[in-house]
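So the structure is just underneath, and the comments pick up after that.
In this text the structure is predicted, and so the values were computed from the model without any measurement. In the text below, chain A, chain B and the rest are named by the order of the sequence lines, each starting its count at 1.
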Amino acid sequence: MIILQATDISKVYPSGESSVTALNHLSIGFEAGKITAIVGPSGSGKSTLLNLLAGFDRPSSGSVSHQGIDITGMPETNLASYRLAHFGFIFQNYNLVSILNAQENVELPLSLASVPKAKRNSISSEILKRVGLGKRTTHYPNQLSGGEQQRVAIARALATNPSVLFADEPTGNLDTTTGTGILELLTEPMEGSQNRTLILITHDMEVAARANQIVRIRDGKLEA
Amino acid sequence: MNFADLSNLALRGLMRRPVRTFLTILGIVVAVASMVVFLSLGEGFRRALGDQIGNIGPDIQIQLAGSDSSSVFGSPIPDVPVENVARFETLKTELGIRQVIPYLLTARGNFSGSGYVILAYPFENTKLTDVYPNMKLSAGRWVLPTEANEKVAVVGAQAAKTAKLGLGDELRLSRTDRYKVVGLLEKGEGFTDSAIFLPFQSLSKTLAVQGKATGIALKLNDASDARAVANDLNKRFEGELKAQTQGDVVQVLDRAIAIGDAFRFGISLIALIVGGLAVANTVMMGVYERTKEFGVIRAIGAKPSFVFQLVVWESLLMALLGGVGGIFVGWLGTLAVNFAVRDLISVEIAQITFRLAGLAIGVATVLGLLSGLLPARTASRLVITQALGRN
Ligand SMILES: Nc1ncnc2c1ncn2[C@@H]1O[C@H](COP(=O)(O)OP(=O)(O)O)[C@@H](O)[C@H]1O
Ligand SMILES: [Mg+2]
C-alpha cells in the first residue's frame, strides 16, 4: 500500500536573475511500513524532495498526498497540525531546542498536541529509556554528545507515534560507530509501531543496504 | 498547547539572555515609574481637593460675570463692587441666605513653594468660624469686631511656618503697613493652613482697593440648596454677576488638574515609547537569534499562530514585570516627593490610587502587546526550510 505519493513535483528556487530547478517533474510513491533510502550526489535535490514530502515547503508544481489526502494545497495552519499528527523528522544537525532539556524536547510535540502533562511525562520517559538515555533526561542539548543529541531527536520524532518518519542524513555529523547505533535505532522494528514508514537520506551505501527500497536522484530527477 | 506550557516556553526564551532581559525590564520599570510619579501628583491634588472642599469656602461665591474663577491659587484683582453686598442682603429671607460676606484674597509667593494666601473678612460682623466652622486657635485670640480697622492678623499653622511668624510678630505687607499677629491657628486640613486672615477694611487700604472685593461669599441656611440658589442668582444678575457653588469651583479645578495630567502623561509617554522600543528591540533580537529554533518548532507541527502567541507573550511578560516593578519604584518615588515637600504643603501631594496602578498595568499591557506585534509577525511568517538552514 502506498502511504505517501509525490506526483509530478517540481521545485524551482529563484536565484538572482535566473533560477535553480532543484526537482524536475519527479513522481514517486512510498510503501507503508517500508524503509526507503534516498541517495544521490550533493546538490541533486534530496533534501528538497524530503522537505516537500514532509510538508515543510510546497512544490512549484505537482502534488504530494499522504494516505490519499492532498497536503499540497492545505492552508499552513492545517498543514502544521497535519505534520504534528502524522509525521516525524530527524535532521542532520539534530535541531534540538536549546532552552529545553532532553525530556522537554521530547515532550514538545506532545504539548503542542495538548497531551496532558502526566501522559506526556510517561511517554517521554519511556521513549528516552528506549533510545538509551533514561539517565540523561534533565540534560540540556549542550550537555549531550552528538550521538546523544540525535537519540533525543529520534525520541522527539517518535513521541507522537507518527506514521511516516523522515530523516535527512541523520548520521552525517556522527562517527561511524555512533552512526551505526543511531541507524539501528531508526531501522529496528519497534513494538506497537510496526507500520512505521521511514524515508531516509544517506550518503552511506551500507546504510542504504538496510533499506527495502533505494531511490537514486540526480539533477532533480529519479535515476533509473 | 496550554497556557502554562506557553508561559514556561516564553520564560525560558527570556531567560536565555537574562542580562538583556533584565535591562529591558529595567527600562520599562523606569518608564512606568516616571509615569506613576508624574500622575500621582494629579491624584494627590485631586484627593486633597476632595478632602478639603469644606475648607475652600462658602456655599456660594459671587464674582463678576466675566472673571475667571480658576485662579484660586493666583492673585485675582479685586473687582467686585462692595455695594453689591446690600443687594444680597435684601434677598436674604427670600432665598434663605444666612450671611453675606465680602472678602479679599491675595497670594504671596507661589503656592508650591514658600507661599501663603492672604484672606480678608469684615470682622466687624463676621467671625472666622462662620466661614470655617472647624477652625480652632492654638494660641492668642481671634480678631475682635472692634478691630475692623486695625492692622492685626490670625495666621494658619503652615503659613506661620513659611512666613516665619509667631505670636506678636509683625507681617509686613508694604513699607508702612505692618500687621501684628494676635492669633495662631491649630493645624487643620489643607488650604486654610496656608492662609493669613486680616480685617477687610485694613487690607482694602493697604492694597488701595477700597470699595472692591475679590468676591462675595454667601452662607445659606441649608447648604444643600446651593445649586438652586446659585441658578436663581445667575438668572437675576445675568451678565453682571455670576454665582458659583463649591461644586462649580471643584469642577474648574478638576479640569485644571486633568489638563495637568494630560501634560504630564505626555511627558511620560516619551519614556514609555522609548521603553516600548527597547522591548520591541529585545524581542526582535531574540526572534532573529532563535530563527532556527522557531523553524524547528514549526517543522514539528506548531501553527504560525502559536509562534505568534509565544513571541507576543514574551513581550507582554517583560512589559508586565516592568509595569509591576514600575508601580513599586513609582511608589518609592511618591514617598520621596511627599517627604521633600512635607514642610511646604500640608497635603501629601503625590498619591498612588488603585486607578493609577490600574492605568500603569494597562499602559504596560498595551506597550507589551504593541512591542511584540512586529517581532511576532516576523517569527510566525518565517519559511521553515529557510529557518532550518541547509543541511
Ligand atoms: N532555499 C534554496 N534557495 C535556493 N536554492 C536552493 C535552496 N535549497 C536548495 N537549493 C538548490 O537546489 C538544489 C538541490 O539542493 P538540495 O535539495 O539541498 O540538495 P541535496 O540535499 O541533494 O544536497 C541545489 O542546487 C541547491 O543549491
Ligand atoms: Mg541535503
Side-chain angles (χ1 to χ4, degrees), chain A residues 11 13 42-43 46-48 50-52 54-58 75-89 91-101 104-105 107-117 120 140-141 153 156-157 159-160 162 166 168-170 172-173 201, chain B residues 1-21 282-283 285-311 313-314 317-318 376-391:
Chain A
K11 183 70 186 181
Y13 291 110
S42 179
K46 304 181 297 292
S47 294
T48 303
L50 207 70
N51 288 343
L52 295 181
F56 290 170
D57 203 356
R58 293 162 203 271
E76 187 49 46
T77 299
N78 302 14
L79 187 54
S81 304
Y82 203 86
R83 285 196 301 267
L84 184 61
H86 301 285
F87 298 157
F89 320 91
F91 306 91
Q92 180 175 347
N93 48 14
Y94 330 127
N95 278 344
L96 297 178
V97 177
S98 63
I99 52 171
L100 302 178
N101 66 29
E104 291 163 338
N105 263 286
E107 289 183 20
L108 182 60
L110 297 170
S111 53
L112 283 172
S114 298
V115 174
K117 197 168 173 63
R120 240 153 57 195
Y140 283 84
R156 182 176 68 183
T160 49
F166 300 91
D168 192 343
E169 301 191 35
N173 285 3
I201 296 175
Chain B
M1 182 175 274
N2 65 33
F3 183 68
D5 290 333
L6 181 73
S7 299
N8 181 37
L9 213 53
L11 267 179
R12 299 289 193 90
L14 291 176
M15 288 321 289
R16 240 170 81 111
R17 296 259 186 265
V19 174
R20 188 174 70 194
T21 300
T282 297
V283 176
M285 278 166 72
V287 166
Y288 284 141
E289 284 171 0
R290 288 178 295 162
T291 295
K292 189 162 187 177
E293 284 187 8
F294 285 129
V296 172
I297 294 176
R298 288 275 289 104
I300 289 174
K303 296 171 187 168
S305 60
F306 169 79
V307 174
F308 190 93
Q309 283 170 34
L310 179 63
V311 174
W313 189 224
E314 280 184 15
L317 267 180
M318 276 198 280
R377 207 177 99 112
T378 307
S380 68
R381 289 189 168 193
L382 51 81
V383 177
I384 298 173
T385 49
Q386 281 171 14
L388 291 176
R390 308 272 291 279
N391 270 339

Can you tell me which portion of [X] sits under 4.5 Å from chain B's heavy atoms? Options are side chain, backbone, both or neither.
X	result
E104(A)	side chain
L110(A)	neither
R120(A)	side chain
F56(A)	both

Legend entry - Verdict with supporting geometry, V97(A) and K292(B), side chain to side chain contact (heavy atoms under 4.5 Å, CB included): CA-CA 9 Å; V97(A) 177; K292(B) 189 162 187 177; over 6 Å; no

Is [Y] close to [X] at the side-chain level, that is, under 4.5 Å between some pair of heavy atoms?
X	Y	value
R156(A)	V296(B)	yes
P304(B)	T77(A)	yes
L112(A)	I300(B)	yes

Inset, instruction - Could you give me the CA-CA distance, side-chain angles and deciding distance for L100(A) and E293(B), then say whether side chain to side chain contact (heavy atoms under 4.5 Å, CB included) is met? - result: CA-CA 11 Å; L100(A) 302 178; E293(B) 284 187 8; over 6 Å; no

Legend entry - S98(A) side chain to R290(B) side chain, donor-acceptor N/O pair below 3.5 angstrom: no

Legend entry - T385(B): which of T48(A), L52(A), D57(A) passes side-chain contact (heavy atoms from CB on, under 4.5 Å):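 Of the listed options, the one satisfying the test is D57(A).
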
Legend entry - Heavy-atom closest pair, residues A302(B) and A80(A): O-CB, 3.5 Å

Got a second to check how far [X]'s [atom1] is from [Y]'s [atom2], nearest 0.5 Å?
X	Y	atom1	atom2	value
N51(A)	L388(B)	CG	CG	7.5 Å
D5(B)	S114(A)	CG	OG	8.0 Å
K117(A)	N2(B)	NZ	CG	8.5 Å

Inset, instruction - For the pair R16(B) (side chain) and I99(A) (backbone), establish whether a donor and an acceptor sit closer than 3.5 Å, ignoring hydrogens and angles. - result: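 Not at all, since once roles are kept as given, no pair shorter than 3.5 Å links the two residues.
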
Inset, instruction - May I ask you to say whether R298(B) pairs ionically with E76(A), meaning some side-chain N is under 4.0 Å from a carboxylate O? - result: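 Yes, charged N to carboxylate O under 4.0 Å.
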
Legend entry - Proximal component of I297(B), with respect to chain A [non-hydrogen, under 4.5 Å]: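 Contact with chain A involves both backbone and side-chain atoms of I297(B).
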
Legend entry - Whether over 12 other heavy atoms sit under 6.0 Å from K303(B) NZ: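 No, not enclosed.
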
Legend entry - Within 6.0 Å of OH in Y13(A), more than 12 heavy atoms from elsewhere: yes

